[in-house]
Amino acid sequence: MSIYDTLNKEQREAVFHTDGPVLILAGAGSGKTRVLTHRIAYLIEKCQVNPWNIMAITFTNKAAGEMRERVDDLVGYGSESIWVATFHSTCVRILRRYADRIGFDNNFTIYDTDDQKTIMKEVCKKLQIDTKMLKERTILGAISSAKDELVSPVEYDLNSIGDFTKQKISKAYMEYQAVLRKNNAMDFDDLIVKTIELFKNCPDVLAQYQEKFQYIMVDEYQDTNTAQFELIRLLAGAYRNLCVVGDDDQSIYKFRGANIRNILDFEKVYADAFVVKLEQNYRSTSNVLDAANSVIRNNIGRKEKALWTDKEEGSRIHFRQFDYAYEEAEYIAFDVAKKKRELICDYKECAVLFRTNAQARILEEQFVKAGIPYDVVGGVNFYSRKEIKDLLAYLKTIDNGKDDVAVKRIINVPKRGIGATTIVRVQEYADSRNISFYDALREADQIMTIGKSASKLKPFVDMIKVFRSKLEFYGLEELLKDIIETTGYVAQLEADDDQEAKARIENIDELISKVVSYEEEHEEASLSEFLEEVALVADIDGINKDNNKVLLMTLHSSKGLEFPHVYLAGMEDGIFPSYMTVTAEDPAEVEEERRLAYVGITRAKEDLTLSCAKQRMIRGETQYNPVSRFVREIPEGLLDNKLPASKRWNVEEYEDTSYERVAFKQKPYAGASSLNDRKQNNAYQSITKPKAVLAKPATSAVVKPFIAKQNHFSDMAGISKGAPSMDGALSYGEGDRVKHIKFGEGTVRAIAKGPKDYQVTIEFDAYGQKIMLAAFAKLEKVE
DNA sequence: CGTACTAGTCTTTTT
DNA sequence: GACTAGTACG
């Protein structure tokens with residue numbers, strides 16, 4: 001029996017069709033990663049393709065690593081020579097070799113969003129653009145979109161005739177690119193754009209890569225943008241063995257330039273494309289899948305498909321509405337605790353998904369309170385924390401003296417008594433000589449305008465010089481530690497001795513260990529390569545499967561993952577779909593949100609919980625939001641609870657009125673820490689809703705979380721009447737044989753009546769004795 | 001030049 | 001609410 005026998009008919013077709021353009025339309029959970037890995041294995045094993053000639057583009061580094069691992073398991077050799085990478089890291093690898101062919105140094109730096117903003121600020125100042133009227137981020141957004149569409153500054157300028165704002169942006173775009181070039185830097189979008197530029201300007205380089213990448217596969221194809229497609233088209237130009245995998249229903253990155261036409265029009269660009277549809281879902285129970293299908297069905301303009309499963313029905317979708325957001329978070333935390341305690345699942349099998357990063361905080365609070373281990377994916381990226389950016393700026397300065405942004409960031413960090421005026425003067429000098437900021441520093445004694453401040457600059461330049469000379473025989477770890485030591489960076493933090501400084505020192509320690517493990521993984525670790533890897537990590541790359549922790553993340557981050565137990569929190573119109581899209585005039589905006597809902601629902605393998613709150617605080621504003629339309633799109637029969645009759649909170653009719661948010665601004669509490677704020681906040685709520693005081697969690701909750709809270713929840717839920725029957729007679733008695741969804745069959749040993757529910761002791765055939773609550777265990781009598 | 005406070009903005013999602 | 005940039009003052 002071969003490894004390919006485990007595939008279904010369509011999957012096999014996709015695997016065996018190796019030559020020419022192939023489009024695989026892969027529904028959620030239809031085994032597309034399996035297909036890709038088996039396809040690679042097949043190419044190597046059966047078609048004698050050299051692994052070196054295979055390229056697979058994935059969306060994240062994490063996905064790339066997993067793919068390599070799985071190919072390794074299948075083939076057992078050669079997987080390390082396959083080029084598996086994200087678009088961005090692919091481009092960096094190419095540009096590191098050939099950037100000099102398009103006027104950059106090969107050790108160019110990569111600018112992140114912060115750096116971009118710094119540059120844009122300077123640009124606006126120089127061009128006298130009023131940033132009150134036209135914000136930096138607006139301009140940067142416009143530039144980014146232009147780059148996604150491969151619109152050069154010159155083309156943008158041509159398109160801006162007659163439009164005042166566009167003309168301003170055009171000037172800024174032009175100047176911004178000039179500054180980047182001068183700094184020997186590229187932003188994220190440039191990595192793609194410049195690689196295309198390289199290929200177009202240097203046919204010999206393109207030909208070389210075309211020859212190398214004879215078989216190309218692209219995952220998550222629905223989220224590629226115009227520039228990325230062009231890159232792929234160029235690379236596949238010679239051999240045309242291009243296989244793309246995607247699902248138009250999971251296209252959720254339009255805001256980042258993803259062009260859904262790439263997947264919808266693939267067959268037009270490649271008329272001879274072989275198309276396969278993977279429609280069997282292997283991931284979810286039929287209830288989960290039905291819910292997902294019934295939501296996505298409301299989108300128009302999608303490729304019709306019929307995702308099906310032969311899996312069992314599974315439990316119904318849980319739906320809970322709460323009065324307050326913290327009650328929702330508390331419920332989720334205790335529900336996870338309960339599942340863990342009852343051995344229904346482990347922490348790492350649970351994930352909580354939400355629309356915006358800001359929603360993580362309230363969940364975190366409740367998870368801490370309940371003593372449940374968790375990880376938050378995303379939020380503030382590790383590498384964009386101040387202390388980390390400072391130290392990286394030292395490394396960047398040592399690596400690339402042309403990176404003015406890095407040099408200016410650290411010239412007075414830690415404090416060296418070098419102020420804004422001095423920096424401006426040095427910059428003026430640099431501009432007049434057309435040299436970099438750092439080179440100007442080296443000539444500090446020549447700069448007449450700075451007077452005696454020049455003496456403060458010399459030690460800085462000398463220090464960088466020493467670091468550079470040490471680089472020859474230093475490892476990265478030694479270099480970083482030397483920087484920390486010489487600059488006294490940590491020493492200063494230690495002197496501060498407060499909570500925040502402690503956290504910063506911890507982060508720095510983590511950076512050191514990241515450097516160490518990087519050196520362990522890469523034999524000849526260079527500074528440039530380390531900085532490059534650091535610039536391109538996604539939040540999701542950092543998560544570790546082996547940690548037994550609940551994962552908290554945005555719906556976007558959850559793409560490509562799956563979990564037995566999934567909670568979708570904040571299912572409210574105005575949150576999800578977001579207020580922006582609900583009020584947008586373009587209905588396509590809500591469709592994108594609906595695809596996001598589809599992605600979220602289809603992450604669940606067995607158990608899905610949708611929850612929402614009537615009242616929630618967003619940006620210091622209390623909002624009252626109705627239940628999400630996406631919940632309403634799920635047939636009621638699939639839900640375990642009824643939805644509130646009124647589709648709007650505090651307004652009678654829903655359909656015939658346009659969306660309207662009820663909100664009021666709260667008074668800020670001066671000088672309160674965040675924890676105190678929250679307490680005061682509850683107190684404030686209790687004035688309007690006295691019930692909230694009763695619902696306030698007891699401190700003892702930490703020790704025995706669920707038992708203490710058990711009855712409390714059914715009261716708290718806004719719709720307790722629809723909750724699973726807790727006081728009805730049981731359909732089984734002592735001695736009966738029963739069946740549990742996870743533990744299989746067993747014999748009931750004892751039934752004890754609790755205040756609102758029965759505690760049932762069951763002797764499972766395969767798992768031994770367990771005590772469960774009847775309402776949640778959902779035991780079925782076996783005749 | 002450095003600090004401490006204030007006002008304004010933000011958030012929808014990210015390589 | 002949280003964060004940041006800008007400003008007034010020492």
Side-chain angles (χ1 to χ4, degrees), chain A residues 57-64 85-92 110 112-114 117-118 121 131-132 135-137 141 144 147-148 187-192 220 223-225 227-228 251-258 353-362 377-381 383-384 386 412 414-423 453 456 535-541 553-559 570 574-584 589-590 592-593 595-596 599-600 616-622 665-678 680-681:
Chain A
I57 301 252
T58 56
F59 205 68
T60 61
N61 295 304
K62 179 169 172 281
T86 64
F87 273 103
H88 293 269
S89 47
T90 294
C91 290
V92 173
I110 301 164
D112 66 13
T113 330
D114 272 3
K117 213 173 162 196
T118 309
K121 229 179 238 167
T131 51
K132 291 231 164 56
K135 293 189 183 65
E136 290 98 338
R137 25 171 289 121
S144 177
K147 288 178 178 176
D148 287 343
D187 64 22
F188 281 128
D189 303 311
D190 277 340
L191 297 175
I192 316 277
E220 307 285 10
D223 286 321
T224 53
N225 62 35
Q228 289 165 337
S251 166
I252 54 172
Y253 281 103
K254 188 164 168 239
F255 73 94
R256 213 173 68 190
L353 312 181
F354 36 79
R355 182 64 238 269
T356 65
N357 279 307
Q359 289 168 255
R361 205 187 63 108
I362 195 162
V377 179
V380 183
N381 186 307
Y383 292 103
S384 47
K386 185 182 175 298
N412 198 32
K415 302 265 182 302
R416 300 188 178 89
I418 302 167
T421 330
T422 311
I423 293 173
S453 299
K456 291 176 181 163
L536 296 176
V537 292
D539 295 317
I540 200 81
D541 296 337
M553 70 186 109
T554 63
L555 287 148
H556 281 87
S557 295
S558 76
K559 193 170 73 153
I575 304 290
F576 185 35
S578 77
Y579 179 61
M580 308 271 278
T581 56
V582 167
T583 51
E589 302 251 334
V590 173
E592 172 118 340
E593 298 275 303
R595 288 194 290 272
L596 197 51
V599 167
R616 157 185 324 266
M617 174 96 78
I618 302 284
R619 304 210 304 268
E621 194 182 63
T622 302
K665 187 89 182 169
Q666 245 177 263
K667 279 185 193 142
Y669 301 100
S673 76
S674 64
L675 192 69
N676 283 338
D677 276 40
R678 218 183 69 75
Q680 294 201 29
N681 189 19

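By convention in this document, chain letters (A, B, ...) are assigned in the order of the sequence lines, proteins followed by strands, and residues within each chain are numbered from 1. Note that these values count all heavy atoms, side chains included, but never hydrogens, waters or copies made by symmetry. Predicted model, so just to flag it, every value in this text is computed and none were measured.
In this structure, A:Asn412 reaches the sugar-phosphate backbone alone: every heavy-atom distance under 4.0 Å involves primed, P, OP1 or OP2 atoms, never a base. Residue-level contact check: A:Thr60 touches neither bases nor backbone, having no heavy atom under 4.0 Å from any strand. At a threshold of 4.0 angstrom between heavy atoms, the contacts of A:Lys386 with the nucleic acid are absent. Nucleic acid contact for A:Thr421: sugar-phosphate only, since backbone atoms but no base atoms lie under 4.0 Å from a heavy atom of the residue. Looking at heavy-atom distances under 4.0 Å, A:Tyr253 makes contact with sugar-phosphate atoms alone, never a base. A:Lys415 comes within 4.0 angstrom of sugar-phosphate atoms only, judged by non-hydrogen atoms across all strands, and of no base. Among the heavy atoms of the strands lying under 4.0 Å from A:Phe59 are primed sugar atoms or P, OP1, OP2 only; no base atom is included. A:Asp189 comes within contact range of no nucleotide atom at all, as no heavy-atom separation falls under 4.0 Å. Using a 4.0 Å heavy-atom cutoff across all strands shown, A:Arg137 reaches sugar-phosphate atoms only and no base atom.
Each of A:Phe87 and A:Thr581 has a nearest nucleotide on DNA chain B; the 5'-most of these lies closest to A:Thr581.
A close approach under 4.0 Å does not occur between any side-chain nitrogen or oxygen of A:Ser89 and OP1 or OP2 of B:dT15. The phosphate of C:dT4 has neither OP1 nor OP2 within less than 4.0 Å of any side-chain N or O from A:Lys117. Contact between the side-chain N/O atoms of A:Lys121 and the OP1/OP2 oxygens of C:dA5 is found at a separation under 4.0 Å. A close approach under 4.0 Å does occur between a side-chain nitrogen or oxygen of A:Ser557 and OP1 or OP2 of B:dT14.
Rounded to whole angstrom, the span from the CD1 atom of A:Ile418 across to the P atom of B:dC1 amounts to 9 Å. Computed from coordinates, the A:Arg619 CZ to B:dG8 C1' distance equals 12 Å when rounded to whole Å. Atom P of nucleotide C:dG1 and atom CG of A:Asn357 are separated by 19 Å, given to the nearest angstrom. Put simply, CD on A:Glu592 is 13 Å from P on B:dT13, counting in whole angstrom units. In this entry the distance linking CD of A:Gln228 with C1' of B:dT15 reads 8 Å, nearest Å. Atom pair A:Ile575:CD1 and C:dG1:C1' shows a separation of 14 Å (rounding to whole Å applied). Whole-Å rounding puts the A:Ile618 CD1 to B:dT11 P distance at 14 Å. Between the CG atom of A:Leu191 and the C1' atom of B:dT14 there is a distance of 14 Å, rounded to whole Å.
A:Phe188 has its side chain out of reach of A:Arg256: every pair of non-hydrogen atoms, C-beta onward, lies at least 4.5 Å apart. For the pair A:Leu536 and A:Asp541, the minimum side-chain heavy-atom distance is 4.5 Å or more.
The base of B:dT13 sits with one of its N or O atoms less than 3.5 Å from a complementary donor or acceptor on the side chain of A:Arg355.
Ring-to-base geometry does not place A:Phe255 in a stacked arrangement with B:dT14 (centre distance under 5.5 Å, plane angle under 30° required).
In this structure, A:Ser578 contributes its side chain and A:Gly574 its backbone to no donor-acceptor pair below 3.5 Å.
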Practice problem: Go through the steps for A:Ile57 and A:Thr224 under the test side-chain contact (heavy atoms from CB on, under 4.5 Å), then give the verdict. | Solution: CA-CA 11 Å; A:Ile57 301 252; A:Thr224 53; over 6 Å; no
Exercise. Evaluate the criterion side-chain contact (heavy atoms from CB on, under 4.5 Å) for residue pair A:Arg416 and A:Lys456; output intermediate values, then yes/no.
Key: CA-CA 7 Å; A:Arg416 300 188 178 89; A:Lys456 291 176 181 163; 5.8 Å; no
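One P atom belongs to C:dT4, the other to B:dT13, and the distance between them is 15 Å to the nearest Å.
A:Ser251 and A:Asp223 make their closest contact through CA-OD1, 3.6 Å (heavy atoms, listed as atom of the first residue, atom of the second, distance).
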